[in-house]
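Read through the structure below, which is laid out as structure tokens, and then see the notes.
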Amino acid sequence: MDRDATIDVLNTLITINNDRIEGYETAAKETEEYDLKTLFAQFSATSLQCKIVLKNEVIQLGGDPAEGTLTSGKFFRVWMDVKAALTGNDRKTILNSCEYGEDMAKETYEKALENEDENLSLDQQAMIKAQHELLAADHNKIKSLRDALETK
């Protein structure tokens, strides 16, 4: 197992959680819908918990935890779309944008589990799988809310 590669994998996951935290904090401030504010606060809290565990693991390995966000490319545009949707108060657009962001987070976790297993201990893999399940549950909540709008 390559310690630096392990730290890189964990830092990638920290970064995607930083993106979720920043995105959902922004979304919670911008929306006027109470149920979405509550949901976004819960999602932000989920990522904060994941981030803390990941940071502790990086520190335990002797590395420096990532501090920033991806704020480039597709993920940044997604959150800008969320902000624009919130400004227009279009619930379906908000949920579509959030689902896309959730897809990105889920995909990042899946790649870590599929491609980096040789750089992760069994305990680290279990931790990442558990976090992936939390994020998948958040994704499913967003998808369910969005799908409910389509049936109306």
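For this chain, numbers begin at 1 and follow the sequence in order. Quantities reported herein were computed from a predicted structural model and do not represent experimental measurements.
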Test item: E57 side-chain N/O and L10 main-chain N/O as donor-acceptor pair under 3.5 Å:
no
Note: L120 and A112 closest approach over all heavy atoms is CD1-O, 3.9 Å
- Task: Quick one: sort the F43 and Y24 rings into parallel, tilted or perpendicular, breaks at 30° and 60°.
- Result: perpendicular
Nearest heavy-atom approach of R3 to L61 is NH1-O, 2.8 Å
Give the C-alpha distance, both sets of side-chain angles, the deciding distance and a yes or no for side chain to side chain contact (heavy atoms under 4.5 Å, CB included) between L39 and I142. CA-CA 9 Å; L39 190 67; I142 288 289; 4.0 Å; yes
Rounded to the nearest 0.5 Å, the SG atom of C50 sits from the CG atom of N18 at a distance of 11.5 Å
Tightest non-hydrogen contact, residues E25 and S44, listed as CG-OG, 3.6 Å
The reported gap from CD1 in I128 to CG in D123 (rounded to nearest 0.5 angstrom) is 11.0 Å
Interatomic distance, NE2@H139 vs NE2@H132, rounded to 0.5 Å, equals 9.5 Å
Here the gap from C98 atom SG to R146 atom CZ, rounded to the nearest 0.5 Å, amounts to 11.5 Å
**Report entry** Over 12 foreign heavy atoms within 6.0 Å of CG, D64
**Finding:** no
Closest non-hydrogen contact found for D117 with L113 is CB-O, 3.8 Å
To the nearest 0.5 Å, atom CG of L13 lies from atom NZ of K55 at 14.5 Å
Would you check, one step at a time, whether the test side chain to side chain contact (heavy atoms under 4.5 Å, CB included) holds for S47 with L135?
-> CA-CA 8 Å; S47 271; L135 297 183; 4.3 Å; yes
Is Q49 close to V53 at the side-chain level, that is, under 4.5 Å between some pair of heavy atoms?
-> no
Is L48 reachable from L54 through a run of I, L, V, M, F, W or Y residues, each pair having side-chain heavy atoms under 4.5 Å apart?
no
inquiry  = Pair Q124, N119 - check side chain to side chain contact (heavy atoms under 4.5 Å, CB included), show working.
reply    = CA-CA 9 Å; Q124 290 164 341; N119 292 315; over 6 Å; no
From the list I7, V9, D8, side chain to side chain contact (heavy atoms under 4.5 Å, CB included) with V58 holds only for I7
For A28 and K37 the tightest heavy-atom approach is O-NZ, 2.7 Å
- Carboxylate-amine/guanidinium contact K106 D138, below 4.0 Å: no
Can we say E107 and K111 salt-bridge, meaning some charged N sits less than 4.0 Å from an Asp/Glu carboxylate O? yes
task = Could you tell me whether the side chain of S121 reaches within less than 4.5 Å of the side chain of T6, counting heavy atoms only?
result = no
Output for pair (I21 CD1, I14 CD1), nearest 0.5 Å, gives 10.0 Å
Item checked: Transitive ILVMFWY side-chain link M127 to I59, under 4.5 Å -> no
Here the pair of heavy atoms bringing A105 nearest to I16 is CA-CG1, 3.7 Å
Open item on the list: I'd like to know if the side chain of N11 reaches the main chain of A66, judged simply by a donor and an acceptor atom lying under 3.5 Å from each other, with no hydrogens or angles considered.
Closed with: yes
Electrostatic pair R20-E102, nearest N-O below 4.0 angstrom:
yes
Q. Does the salt bridge (charged side-chain N to carboxylate O under 4.0 Å, His left out) test come out yes or no for E67 and K51, once each step is laid out?
A. CA-CA 10 Å; E67 293 295 330; K51 175 183 165 178; 5.2 Å; no
